[in-house]
There are 2 protein chains.
Amino acid sequence: MSAGAIPVEPLAEEETLSLGERAYRRLRDGIVQGTLRPGSRISERSMAHALGISAQPVREALRRLEQDGMVVTLPRRGTVVAEIGPERLAELGRIRAALEGVAAALAAERMSGEVLAELAQIVRGMRSATAAADTEALAELNERFHAILQGATGNLFLVKSLEALRAYDDLGRLRALGSTPKDMPKALREHASILAALKARDPALAEARMRHHVLRSLTTNGVLAAPRQGR
Amino acid sequence: MSAGAIPVEPLAEEETLSLGERAYRRLRDGIVQGTLRPGSRISERSMAHALGISAQPVREALRRLEQDGMVVTLPRRGTVVAEIGPERLAELGRIRAALEGVAAALAAERMSGEVLAELAQIVRGMRSATAAADTEALAELNERFHAILQGATGNLFLVKSLEALRAYDDLGRLRALGSTPKDMPKALREHASILAALKARDPALAEARMRHHVLRSLTTNGVLAAPRQGR
DNA sequence: CCCTGCCAGCTGCTATAGCAGTTGTCCATG
DNA sequence: CATGGACAACTGCTATAGCAGCTGGCAGGG
């Protein structure tokens with residue numbers, strides 16, 4: 001009710017996450033990195049012992065992974081890592097494009113001027129990073145752009161779904177690593193056009209441009225095949 | 001490896017679900033039906049005692065509900081029911097429309113002839129149900145139509161996401177109950193046109209029609225407002 | 001040799017107990 | 001009266017133990 005002028009920042013994202021959260025990320029990374037091969041069985045007990053924790057957090061992580069579609073649990077029989085082939089990755093990419101499109105549409109309606117200015121700042125950073133050919137900074141800026149836009153929707157379901165899909169995105173890069181070689185200017189132009197649509201408060205245009213951007217990006221990275229399936 | 005001609009059917013979906021699953025549905029229904037008001041706190045222990053079970057299944061249910069966006073948990077502080085206003089329902093409706101559209105596109109590419117025939121059978125049932133003005137049968141057929149189509153994609157993530165969104169759908173009907181009064185013929189025509197696109201193996205067309213159908217349906221039910229935001 | 005039924009060893013699932021933070025109240029203190 | 005600190009009562013979170021169901025192999029009867 002009080003505390004309006006205390007000159008301290010809140011603790012910046014403590015790294016002491018819950019064991020369930022850590023187990024979730026650990027297992028997720030193991031799956032997308034190929035350490036946990038598709039079809040391999042994951043026992044709650046043995047995995048708990050391997051991680052040095054109890055079985056409950058592991059179970060919790062497995063349930064979340066199941067909802068993400070990364071593992072499949074047969075009741076009273078076992079949990080196995082799901083097969084994630086190229087075609088499945090392509091499907092998830094199209095789902096991601098659709099969801100990011102909706103996020104852009106919602107953001108165009110609700111986004112505040114401050115957040116809009118923040119995005120403009122990021123696009124400016126992208127411009128200089130592109131000129132300097134700084135791929136690492138560009139990747140981070142790209143992530144922030146999408147994260148801020150999604151957060152601006154204020155929709156938990158949307159944010160969590162896209163967060164789950166982002167993990168698969170990492171898996172796709174294993175097949176076509178070394179991305180963002182020469183299409184950096186194209187990505188910059190796309191982000192700028194999306195920002196313009198957001199500024200114009202045009203949901204349909206923002207959605208179309210965002211969707212096209214994601215699909216084009218996935219196509220460039222080799223996740224999606226042909227330039228067919230036009231938006 | 002054997003057993004090719006045993007004249008018995010497998011046990012039809014035993015109703016003995018896990019406690020976690022039952023707690024999840026119970027809490028979810030409580031939220032969408034208004035028994036658990038937005039902002040009210042849900043304690044793992046007290047809820048477990050109220051349901052006559054242990055705290056673990058309740059916790060598991062709460063985590064799933066959190067991923068669905070129905071509750072929000074502050075670590076070490078408590079879990080409260082999230083606010084779900086009309087604008088949030090509208091957002092979720094648009095997300096659902098986008099996801100069902102992607103499902104239709106994927107189905108148009110992968111769907112087998114048998115499943116296609118099954119859908120055709122359902123549409124035929126819809127035709128007669130519409131003629132008989134049997135709203136109850138029509139609702140069930142509609143649910144089966146979408147469920148079969150989504151299942152035909154074989155995408156776990158898509159299916160589970162849409163399943164979660166379906167729960168919100170029930171919440172929307174509380175505000176505008178007594179739906180499907182006169183738009184039955186329109187829904188029938190839309191389903192038939194979607195089926196035609198699926199038969200033609202036209203992903204883009206199937207997606208556009210499905211999306212339009214869902215948006216139109218939500219608009220008729222009052223979940224979405226204006227006929228704006230044109231696909 | 002083949003088939004059938006039992007049984008040890010897994011599995012996910014649930015219950016109980018206790019840990020570690022957070023919060024609100026109440027009392028001692030300035 | 002106002003203020004700060006400690007304590008009690010929560011909370012979510014984790015660990016341990018044990019339940020019920022499934023699987024595979026092994027022995028015993030045909």
Side-chain angles (χ1 to χ4, degrees), chain A residues 1-6 8 10-27 36 39-68 70-82 156, chain B residues 1-6 8 10-27 36 39-68 70-82 156:
Chain A
M1 290 297 228
S2 62
I6 299 180
V8 290
L11 292 176
E13 273 208 9
E14 53 179 338
E15 63 178 355
T16 55
L17 296 169
S18 72
L19 292 184
E21 181 68 27
R22 278 192 272 177
Y24 171 72
R25 301 190 183 186
R26 185 78 166 271
L27 291 177
L36 294 175
S40 63
R41 299 165 55 89
I42 298 180
S43 166
E44 294 180 357
R45 281 175 174 79
S46 55
M47 183 57 66
H49 183 265
L51 295 178
I53 60 176
S54 178
Q56 243 75 15
V58 175
R59 172 178 171 79
E60 184 173 309
L62 288 177
R63 302 302 271 206
R64 292 178 61 184
L65 289 172
E66 186 177 20
Q67 189 144 10
D68 294 347
M70 284 196 176
V71 303
V72 50
T73 297
L74 298 86
R76 307 280 182 181
R77 293 194 46 186
T79 303
V80 298
V81 179
L156 281 177
Chain B
M1 279 328 203
S2 61
I6 299 180
V8 289
L11 291 175
E13 272 208 11
E14 54 178 337
E15 63 178 355
T16 56
L17 295 168
S18 73
L19 292 184
E21 181 68 27
R22 278 192 272 178
Y24 171 71
R25 301 189 184 187
R26 185 77 165 271
L27 291 176
L36 294 174
S40 63
R41 299 166 53 89
I42 298 181
S43 167
E44 294 179 358
R45 279 176 174 77
S46 55
M47 183 56 67
H49 183 265
L51 295 177
I53 61 178
S54 177
Q56 243 74 15
V58 174
R59 173 178 170 80
E60 183 173 310
L62 288 178
R63 302 302 267 203
R64 293 177 61 183
L65 288 173
E66 187 177 20
Q67 189 144 8
D68 294 346
M70 285 196 176
V71 304
V72 49
T73 298
L74 297 87
R76 307 278 183 185
R77 293 192 47 185
T79 302
V80 298
V81 179
L156 281 177

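Protein chains get the first letters and strands the later ones, always in sequence-line order, with residue 1 at the start of each. Hydrogens, waters and symmetry mates play no part in the numbers below; they use all other heavy atoms, side chains included.
Within residues 54-63 of chain A, the residues approaching DNA chain D are A:S54, A:Q56, A:P57, by heavy-atom distance under 4.0 Å.
Under the rule for a side chain to side chain contact (heavy atoms under 4.5 Å, CB included), the partners of B:V80 that lie at least two apart in sequence or sit in another chain are B:R41, B:V72. Scored by the side chain to side chain donor-acceptor pair (under 3.5 Å) test, A:T73 finds A:T79 as partners (sequence neighbours excluded). Every residue was checked against the salt bridge (charged side-chain N to carboxylate O under 4.0 Å, His left out) condition with A:E66, not counting sequence neighbours, and none meets it. Contacts of B:R76 classified as salt bridge (charged side-chain N to carboxylate O under 4.0 Å, His left out), with partners at least two apart in sequence or in another chain: none. B:R77 is linked by a side chain to side chain contact (heavy atoms under 4.5 Å, CB included) to B:L74, counting only residues two or more places apart in sequence or in another chain. Checked against side chain to side chain donor-acceptor pair (under 3.5 Å), B:E44 has the following partners two or more places apart in sequence or in another chain: B:R59. In terms of the side chain to side chain contact (heavy atoms under 4.5 Å, CB included) criterion, residue partners of A:I53 (sequence neighbours excluded) are, by chain and number, A:L19, A:A23, A:L51, A:P57, A:V58.
Between A:R25 and A:L17 the shortest side-chain heavy-atom distance falls below 4.5 Å. You'll find the side chain of B:R63 reaches within 4.5 Å of the side chain of A:E60, heavy atoms only.
The nearest whole Å value for the distance from the CZ atom in B:R76 to the C1' atom in C:dC19 is 8 Å. What separates CG of B:L19 from P of C:dG12 is a distance of 17 Å, to the nearest Å. Protein atom CD of A:E44 is 7 Å distant from nucleotide atom C1' of C:dC13, rounded to whole Å. With rounding to whole Å, A:E21 atom CD is found 10 Å from D:dT14 atom P. Between the CZ atom of B:R22 and the C1' atom of C:dC13 there is a distance of 12 Å, given to the nearest Å. Atom-to-atom, CG of A:L74 to C1' of C:dC10 comes out at 15 Å; the value is rounded to the nearest Å. Regarding A:Y24, its OH atom lies at a distance of 20 Å from the C1' atom of D:dT14, rounded to whole Å. Straight-line distance from the CZ atom of B:R45 to the C1' atom of C:dC19: 10 Å, rounded to whole Å.
Toward the 5′ end of DNA chain D lies the nearest nucleotide of B:R77, the other residue of the pair B:R77 and A:R77 mapping further downstream.
Here the nucleotide nearest the side chain of A:T79, chosen from C:dT14, C:dG12, D:dT23, is C:dG12.
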Write down the protein N/O and nucleotide N/O pairs, taken from nucleotides 5-10 of chain D, whose separation is under 3.5 Å; answer none if there are no such pairs.
none

